[in-house]
Every structure is written in C-alpha cells, then in structure tokens.
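Per chain, numbering begins at 1; letters A, B, ... match sequence-line order.
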Amino acid sequence: MNKPTNKNFITNIVDNDNNTNKFGGRVNTRFPPEPNGYLHIGHAKSIFLNFEIAKTYGGKCNLRFDDTNPEKENIEYIDSIKNDIEWLGYKWDSIHYASDYFEQLYTYAQKLIENNYAYVDSSSSEIIKEERGTLTEPGIKSKDRERPSDESLKIFEQMKQGKFNDGEYVLRLKIDMSSPNINMRDPVIYRIKKVEHHRTKNDWCIYPMYDFTHCISDAIENITHSLCTLEFEDHRDLYEWVIEKINHENQPQQIEFARLALEHNLMSKRKLSELVEKNYVESWDDPRMPTLSGMKRRGYTPNAIKDFCNRIGITKKNSAIEMGVLENTIREELNLTAKRVMGVLDPIKVTLVNYPKDETETIKATYNPNDINSGERSISISRNIFIDKNDFMEFPEKKYFRLAPGKEVRLRHAFNITCEKIIKDNSGEILELECTYDPISRDMSKGNKVKGMIHWVDANNCIDAQINVYDRLFSDSDPTSVDDINENSLMVKKSSKLEKNIDLNNNDERYQFERVGYFIKDSKSSNEKISYNKIVSLKDSWKKINKKGI
RNA sequence: UGGGCCGUAGCCAAGCGGUUAAGGCAUCGGGUUUUGAUCCCGACAUGCGUAGGUUCGAUCCCUACCGGCCCAGCCA
C-alpha cells in the first residue's frame, strides 16, 4: 500500500505508551488465529492492524497459532493461513504455536495450584454450568473448591498422565463465584481431551483453554499490545488476573476493537464453512466468498485489500461497511494498472453488409490510456463482429444512445455503423443484426458525430470463453443464515467472445474489458474451457439513469 | 433486570474544553473525455443519540434517560 497508514485509537494508545515509556519503547504485536478455518476479509483487518502497527513503530509482529483445541484444528488450515498472510505481503517476525507452550503452561498451572489460585474439580459440566449462576444471580461454590492444593496437584498430574476419561476432572481458577463478570466465576482452564493434536500428537491429553493460554503466550512472547475483538472485553479482567498471578515480568495489555462486518456477507468461520458444506458455494476459494482465498481467485489484489483495511478505520463501534467501499478500492487500483481489451459477454452477431467479404483490417489502440507506457495493441475487424446484447434495443428508451434500428453508433476504436435490419427466428428471438458501416468515419473528425460508443469483437478472430459474473452472495444487507443466499449470485456467460490480445498464458493479468469491468482468468480455467472471472464492474451511470425510469 | 462496551451525515471516520465539525465511500450539480469509465470542479451535519448540569465557552467534563452490541462453552 502506498498511502500512509491511518491513525486510530490504538495508535493513540501506543503513542501514549511510548511517551510514558510503558514498555520501554517496545511495540510487539501478534496475529493469533486458531487454525480451524480459512482466513477472511475480517482477519485481513486484524492482520493489517497488527503488522502495520509493528511496522510503523519499528516493532515486531508474530504469527501465533492458537491451537489449544485439537478437535477443530488441522494442518491444512495452518498452511492456508500462512499462505494468505504471505499473499497479503506480510512477513511475521517469528512463528509460534500455543502448543509450543504446553509444558510451560502446565508448570504455571501447577504453581497456581500450589498458591491456592486453582483447584481440580470433579463436577460434571452440567453441574458447573448450573453453579455458575446467571447474568443476574451469583454463582455458587463448587464442592471441590476447597480441595487441598497438594491433592489438586496430584490429581492434575494424573490427569496429565491419562488416568482419567474426558470430563472426569477439570482444572479451575479460584477467583470469585459472585463476580458480576461471569468470566471470573472460577473459569475452567484445563480439560481432558483424549484427542490427538496435529502437532503434539499424543503427548498430551489435557489441553489448556483460551483464557489461560492466550495471556501467558502473549507474556512469553513479550507482546506489548495484544489486540483482539470486542467480544473479549469481558475477558480482559481474567487476562490481567492470570498475568498478575503468574507474576510474569512482561505484562502485555489487551486492547479490543470492533470486528469487520461487510454488508451482504456473513463473516464467521462457522457460517462460511456451512456455505461450503451445504454446497451453496463451490469451495472456500469460491470467488463470491469473503475469504482471502476467494477474493484472490476473484481477482482482488493484496494492495486493494490493504487499502480497504486502511480506509475503514479501527474503532470500538460495531459497524457494517458497504460493499461499495471494497469495490472502489479494487476499481481504483485496476483503473491505473489494467490493460484494456474488448470482451462481449452476451454476443449478438452483426454483419457489416457493405464491408468487403474476406477482408480484414487492423486497428491500433492503446492498452491503457491512463498509462503511456502500457503499449499498443492491434485489433482486427472484419465483416462479421459480435456486440453485446445490452448495447442494442429494438425499441430504445429515451436517452439510450447505443444501437437501435436506424440508429448510428461508433464501434470503439473503429468506425460508425448504422443498424439497417433485425433478423429474428420464428420465436421472435433476435439472431443477427445487419448494419452498414461508414468508411469515412474511420477518421473520427469526419463522419457523423454520434453519441453512442459500443465495444465489439471480430467474429473471425476472437477467443471463445466462459465468463463468470458475480452478484452479492446475499441480497439482504445483513443476512443471518446461510440459507438466505442469493440464488443468482453466480451468472455464467457460456458463449462470450474475447479480443485476441488477451494473454491466455498469464494467470495474474487483470484486464479491463472496455465499458464493462475488470476480469481475471479463473484458477480453474483450462485450454478446453477458458474461463474468466469478473472482478468488479465499471461504474455505470446509464444503469442509474435507466433505474430512474427516465 | 447483573456486568462490559458503543452512539459525529445514507455508510465508514477524524476530533481529546475555544476548529469554518477533517477525510473517504455514496449521492446531487457542472466541466473534460467518442470507455455513459477515468479525470477535474462544486454541493452535501447552525449539527455531534436525547434531556439537563458544570464552564466565559462544550462533540469533548458530569448526571439521567433512550437506542444498539457482547457475556451464563470442559470453543476461540
């Protein structure tokens, strides 16, 4: 990203900490995903925040996998997460796994027991739940709360040795069962799970929980500012309690910010995986998905995503960003960088009846009028061309200045044509248009001045392709269920025609199909079936005029 | 109804006791342009959830109220 990173309330805190020398001027952050799903644009916000803060303050940002629940986690997710972060262009200073700290965590737990800050509880999860109280009533103390610490220590050891089954015992912190903050009502910090862990394999059958693990991991890694989302605000007391009780020399501070919500999208790993599982979308990297892999396949660039993250800001206010903001970032970048070619998504045959048969001419055009170094392309044209269906109207509305019977328009980069005749099949479907062209108008200054300009492709020299056009995944701006999916979010144009200048060997080249939008080759494209994805439309003020019914 | 947060334009978001209340997106006007694109210019909160209070002065401090979000996993 070439724009400066915006300030926000967190950078204000960091500035202040630096001024008061709270951390001796150090700024260490971390991005701590659980490897239980693919990263999405919401994670990008957090990645951007953490890495950019480290960068602007000359600090460090670690990648740490919060892998304390082996049932949900696996290597595939770890790899995809690393990939996505690298794709965004960030390099972690060091990589860690909470599971690397299992031994230390266990030792800290033992110390807490020794100091009477924790106890082993044999209550069932149902009992613990009941005894926890409610939002308005205090909890009650467990029968095991006063278990002598040497006894707890011994049982905890046996838990580790695998002497018990899942659920038989848990380790709990001894804090305050009547705290108004439910997280402080003797939270469970270790549970027995006889499950193989993707990294530690069968070394452990007890696993520490988030609240115990996260703060200690931060402390161990010398994190200064532990940035997380709003739902952890209530956990901050616990975070600080643990850090204080283990008496660690480094005392990181947790700061919470609002997670990203994007209109017309769902943004939780659970729901995104539901979309995949129910086959509402093709895969995690379906171009409609707000996952980073999906956006990559859609054609979004790391720069555009980072620019987006920068624009939306960081606050504590729950808010939903309009899709237009996201779309605008990629449009802005591609307007400057994308080569222009022509592509006809929904072709109609057009015959230029006065154009000599078997003749072809070559037209020169620039690849990008906004970039003088973009070079020139040659486009062929002949008697037979294709134009887009929506560039012709048999009964044109007011202010429609494209092709219509008897009307003259200009073919982009070429010359003017006039529609003379519509050829239909028996059902009334338009098969073909017969037009005449005006040779004089090759010179723009001659020929008739026309308002309409349409794009086209030489029917005798073009690429057959499939174009995937996407609409928002959910029609509702604030969807709740995956079942609300927009059934028309994917439109496949099967017989599109593309200008020959497209480099089919280049998988990353993003093109502007003039007057239409930006496109990139789909990762599933093949020589047999060439397919391109629409990244985003060009802005279309005709659409607006048309909508108003003028 | 216990606790923790949040409330500045249609959507984001600066602002930290004295400012003409930044900026972006959207929208609306106008100009350039034979991409209805881009680009350029202009408009867009006497107002900061509401009501009181403190103050010479309050978006900023205090109080109350209203509205929204989060918390009762052996998930993270």
Side-chain angles (χ1 to χ4, degrees), chain A residues 6-9 12 32-34 36 66-69 71-73 98 121 123-125 128-130 132-139 166-172 178-185 187-193 206-207 209-211 213-214 228-237 256 258 263 269-270 310-329 331-332 335-336 340 342 369-370 399-402 409-413 416 441 444 449-455 477 512-517 537-546:
Chain A
N6 290 150
K7 292 281 175 188
N8 55 62
F9 83 95
N12 288 162
E34 182 188 13
N36 67 343
D66 245 329
D67 55 348
T68 55
N69 186 357
E71 284 170 315
K72 294 184 174 176
E73 301 152 2
D121 196 340
S123 305
S124 67
S125 57
I128 289 179
K129 184 180 169 141
E130 273 172 34
R132 187 148 34 220
T134 68
L135 295 178
T136 50
E137 302 159 66
D166 290 16
E168 272 189 70
Y169 285 100
V170 290
L171 183 66
R172 291 229 257 169
S178 60
S179 171
N181 181 348
I182 293 177
N183 294 298
M184 300 299 269
R185 320 236 262 230
V188 171
I189 58 168
Y190 265 93
R191 73 288 213 197
I192 300 169
K193 266 184 202 285
I206 55 171
Y207 292 96
M209 293 188 59
Y210 169 85
D211 284 310
T213 308
H214 202 91
C228 64
T229 42
L230 252 27
E231 66 271 26
F232 291 103
E233 278 175 318
D234 291 339
H235 295 243
R236 193 173 59 239
D237 283 349
E256 312 85 14
E263 286 192 349
K269 283 185 198 164
R270 214 200 90 236
N310 195 35
R311 288 184 198 210
I312 59 178
I314 302 289
T315 66
K316 291 178 79 99
K317 184 170 109 187
N318 284 310
S319 56
I321 311 292
E322 291 174 339
M323 282 295 277
V325 181
L326 214 209
E327 291 170 346
N328 206 58
T329 59
R331 246 188 227 117
E332 215 167 85
N335 176 46
L336 299 175
R340 273 65 168 166
M342 292 191 284
N370 294 332
K399 291 204 178 176
Y400 182 83
F401 40 83
R402 277 114 88 163
V409 297
R410 186 166 186 83
L411 295 182
R412 175 89 173 138
H413 305 299
N416 296 357
S441 66
M444 270 195 318
K449 290 268 174 283
V450 294
K451 257 194 155 174
M453 154 89 81
I454 65 176
H455 57 95
S477 66
Q512 181 193 109
F513 292 179
E514 297 191 75
R515 302 207 316 123
V516 181
S537 296
L538 252 35
K539 282 186 192 165
D540 185 357
S541 59
W542 161 247
K543 214 179 196 173
K544 273 185 217 163
I545 295 168
N546 197 24

Q: For A:Y190, is there any backbone N or O sitting under 3.5 Å from a side-chain donor or acceptor partner on A:R172?
A: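 Absent.
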
Q: Just to be sure I understand the rule, does A:A258 reach a base, reach only the sugar-phosphate, or reach nothing, if contact means heavy atoms closer than 4.0 Å?
A: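 Answer is nothing: A:A258 stays at 4.0 Å or more from every strand.
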
Q: Tell me: CG of A:L538 to C1' of B:U33, nearest whole Å?
A: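 Taking CG of A:L538 and C1' of B:U33, I get 14 Å after rounding.
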
Q: Is there a donor-acceptor pair closer than 3.5 Å between any side-chain N or O of A:T134 and the backbone N or O of A:T136?
A: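 Here the side-chain-to-backbone pair exists.
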
Q: Both distances below 3.5 Å, Watson-Crick or wobble geometry, any strand: find the nucleotide opposite B:G42.
A: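 Across any shown strand, B:G42 pairs with B:C28.
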
Q: Using modelled atom types only, decide if a donor and an acceptor are shared between the side chain of A:R412 and the backbone of A:E514 within a distance under 3.5 Å.
A: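 A pair under 3.5 Å: no.
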
Q: Check whether A:S537 reaches the backbone of A:G517 with its side chain - one donor and one acceptor, N or O, closer than 3.5 Å.
A: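 Looks like no, no N/O pair under 3.5 Å.
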
Q: Give me the distance, rounded to whole Å, that separates B:U19 from B:C11 when you measure between the C1' atoms they each carry.
A: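 Rounded to whole Å, the distance is 25 Å.
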
Q: What's the CD-P distance between A:E263 and B:C12, to the nearest Å?
A: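 The distance from CD of A:E263 to P of B:C12 comes to 7 Å, rounded to the nearest Å.
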
Q: Take A:E332 and A:I314, find for each the nucleotide of RNA chain B with the closest heavy atom, and name the residue whose nucleotide sits nearer the 5' end.
A: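 Its nucleotide being nearer the 5' end, the pick is A:I314.
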
Q: In Watson-Crick or G-U wobble terms, both distances under 3.5 Å, what is the partner of B:C65?
A: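 By the stated definition (distances under 3.5 Å), B:G49 pairs with B:C65.
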
Q: Can you tell me how far P in B:G4 sits from the matching atom in B:G15, rounded to whole Å?
A: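 Approximately 26 Å lies between the P atom of B:G4 and that of B:G15.
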
Q: Between B:G49 and B:G30, how many Å separate the two C1' atoms, rounded to a whole number?
A: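 One C1' to the other, the span is 37 Å.
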
Q: Considering just the side-chain nitrogens and oxygens of A:N6, establish if one lies under 4.0 Å of OP1 or OP2 belonging to B:A14.
A: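 The answer is no; no side-chain N or O of A:N6 sits under 4.0 Å from OP1 or OP2.
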
Q: For B:G24, does OP1 or OP2 lie under 4.0 Å from any side-chain N or O of A:R311?
A: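 For B:G24, OP1/OP2 do not have a side-chain N/O of A:R311 under 4.0 Å.
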
Q: When the C1' atoms of B:U20 and B:A26 are considered, how many whole Å apart are they?
A: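 24 Å, rounded to whole Å.
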
Q: Suppose you measure atom C1' in B:A51 against the same atom in B:C66; what distance do you get, rounded to whole Å?
A: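 It works out to 10 Å between them.
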
Q: Mind checking A:F401 for me? I need base, sugar-phosphate or nothing, with any heavy atom below 4.0 Å counting as a touch.
A: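 Base, at least one base atom sits under 4.0 Å.
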
Q: Under 4.0 Å from OP1 or OP2 of B:A14: is there any side-chain N or O of A:K7 that close?
A: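 A:K7 to B:A14 OP1/OP2: no side-chain N or O under 4.0 Å.
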
Q: Starting at CZ of A:R515 and ending at P of B:U35, how long is that distance when rounded to a whole Å?
A: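 Those two atoms, CZ and P, are 10 Å apart.
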
Q: Measure the distance from NZ on A:K539 to C1' on B:C40 and round it to the nearest whole Å.
A: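 Going from A:K539 (NZ) to B:C40 (C1'), I get 14 Å.
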
Q: Hey, does A:R331 reach any base, or is it just sugar-phosphate, or nothing, if we go heavy atoms under 4.0 Å?
A: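 Result for A:R331 = nothing.
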
Q: Using atom C1' of each nucleotide, how far apart are B:U63 and B:U54 to the nearest Å?
A: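 Each nucleotide's C1' atom is 11 Å from the other's.
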
Q: Write down the distance separating the P atoms in B:A72 and B:A76, rounded off to the nearest Å.
A: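 Approximately 13 Å lies between the P atom of B:A72 and that of B:A76.
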
Q: Check whether the side chains of A:N370 and A:N335 place a donor and an acceptor atom closer than 3.5 Å, and report yes or no.
A: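 Result is yes, a qualifying pair exists.
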
Q: Start with the C-alpha distance between A:D121 and A:S123, add both sets of side-chain angles, then the distance that settles side-chain hydrogen bond (donor to acceptor under 3.5 Å, both in side chains), and finish with yes or no.
A: CA-CA 6 Å; A:D121 196 340; A:S123 305; 2.6 Å; yes

Q: In whole Å, I'd like the distance from the CG atom of A:N370 to the C1' atom of B:A37.
A: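 Taking atom C1' of B:A37 as the reference, CG of A:N370 is at 9 Å.
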
Q: Would B:G73 be called syn or anti here, given the cut-off of 90° from 0?
A: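 Glycosidic conformation of B:G73: syn.
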
Q: From the list B:G2, B:G36, B:G15, which nucleotide is the closest neighbour of the side chain of A:T136?
A: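 The closest nucleotide is B:G2.
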
Q: Who passes side-chain contact (heavy atoms from CB on, under 4.5 Å) against A:E256, sequence neighbours left out?
A: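 A:E256 satisfies side-chain contact (heavy atoms from CB on, under 4.5 Å) with A:C228, A:L230, A:E233, A:R236, A:Q254, A:K316 only.
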
Q: Pairing donors with acceptors under 3.5 angstrom, does anything connect the side chains of A:N12 and A:K7?
A: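 No, because no side-chain N or O of A:N12 sits under 3.5 Å from a partner of the opposite role on A:K7.
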
Q: Distance check: side-chain N/O of A:K317 vs OP1/OP2 of B:U8, anything under 4.0 Å?
A: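 Affirmative; the distance criterion is met.
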
Q: I'd like to know if the side chain of A:K399 and the backbone of A:W542 have a donor-acceptor N/O pair within less than 3.5 Å.
A: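 No, the answer is negative, given that no donor and acceptor are paired below the 3.5 Å cut-off.
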
Q: Summarise how protein sits on nucleotides 70-76 of chain B as a single string, 5' to 3': B when a protein heavy atom is under 4.0 Å from the base, S for sugar-phosphate-only contact, - for no contact.
A: BBBSBSB

Q: Nearest whole Å is fine: how far is B:G36 P from A:R410 CZ?
A: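 Answer to the nearest Å: 13 Å.
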
Q: Counting Watson-Crick and G-U wobble pairs only, both distances under 3.5 Å, name the nucleotide matched with B:G2, or none.
A: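 B:G2 is paired with B:C71.
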
Q: Could you pull out all residues at least two apart from A:I189 that satisfy side-chain contact (heavy atoms from CB on, under 4.5 Å)?
A: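 Listed in chain order: A:L171, A:L173, A:F212.
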
Q: How many Å lie between CG on A:N335 and P on B:C25, as a whole number?
A: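 It is 13 Å, rounded to the nearest whole Å.
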
Q: Rounded to the Å, how far apart are A:I312 CD1 and B:C11 P?
A: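 Rounded to the whole Å, the gap is 16 Å.
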
Q: Taking pairing as Watson-Crick or G-U wobble with both contacts under 3.5 Å, can you name the mate of B:U59, or confirm there isn't one?
A: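 B:U59 is unpaired by these criteria.
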
Q: Looking only at side-chain N and O atoms, does A:K544 come under 4.0 Å of OP1 or OP2 in B:U27?
A: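 Indeed, a polar side-chain atom of A:K544 lies that close.
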
Q: Quick one: does A:E322 reach the base of B:G10 with a side-chain donor-acceptor pair under 3.5 Å?
A: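 Result: at least one qualifying N/O pair found.
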
Q: Using atom P of each nucleotide, how far apart are B:C41 and B:C25 to the nearest Å?
A: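 These two P atoms come out 12 Å apart once rounded.
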
Q: Any N or O donor-acceptor pair under 3.5 Å from the base of B:G36 to the side chain of A:R402?
A: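 Such a pair exists between side chain and base.
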
